[in-house]
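To keep things clear, I will list the structure first and then write my remarks on it.
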Amino acid sequence: LHVRSRRQRQMCIRDRLRPMIGISEHAWNVAQDRMGTQVATAAFALVFEKHSVGEVASPGGYLRGMVEKAGAGELHLERSFYGRLSGQAA
């Protein structure tokens, strides 16, 4: 699956990947409203990857938790991505 533009990426998440892993449309919309589309998309990528390797059993719940952390100023996606890139589960 090759996605060229930001709009295509958003549509791909909304229409294909989100329902594939069980994230409700409502949870996705709330994530975008509260975190902004770019941060929500980054959070989704992390949830999708963690779910794909069996680290997250409830992707929708995990995303909702990330939204809550973001609202409290406690979400640090960069740490999670750096940890995953260095081979450590974050």
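Since the structure is predicted, the reported quantities are computational estimates derived from the model, not experimental observations.
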| message | Checking A43 now: which residues fulfil side chain to side chain contact (heavy atoms under 4.5 Å, CB included) with it, not counting sequence neighbours? | response |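 With sequence neighbours excluded, A43 shows a side chain to side chain contact (heavy atoms under 4.5 Å, CB included) to M35, L63, M66, L77, given in chain and number order.
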
Output a table of donor-acceptor pairs, distance under 3.5 Å, between side-chain atoms of residues 17-33 and any protein atom two or more places apart or on a different chain; print 'none' if there are none.
unit_1 : atom_1 : unit_2 : atom_2 : d
R18    : NE     : R14    : O      : 3.3
R18    : NH1    : I23    : O      : 2.8
R18    : NH2    : R14    : O      : 3.1
S24    : OG     : A27    : N      : 3.0
N29    : ND2    : E25    : O      : 3.3

| task | Check the pair E55 / R84 against side chain to side chain contact (heavy atoms under 4.5 Å, CB included), numbers first and verdict last. | result | CA-CA 12 Å; E55 294 177 17; R84 297 203 75 76; 3.0 Å; yes

| task | Please identify each residue that fulfils salt bridge (Lys or Arg N to Asp or Glu O under 4.0 Å) with E68, with sequence neighbours left out. | result |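 In terms of salt bridge (Lys or Arg N to Asp or Glu O under 4.0 Å), with neighbours along the sequence ignored, E68 is linked to no residue.
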
| said: How long is the straight-line distance from NE2 of H76 back to NZ of K69, given to the nearest 0.5 Å? | reply: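 These two atoms lie 8.5 Å from each other.
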
| request: Look only at the side chain of H51 and the backbone of P59, and say whether a donor-acceptor pair between them is shorter than 3.5 Å. | output: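 The answer is no, because no donor-acceptor pair under 3.5 Å joins these two groups.
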
| said: Is it the case that over 12 heavy atoms from other parts of the model lie below 6.0 angstrom from the CD atom of Q38? | reply: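 No, CD of Q38 has 12 or fewer neighbouring heavy atoms, counting only those of other groups under 6.0 Å.
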
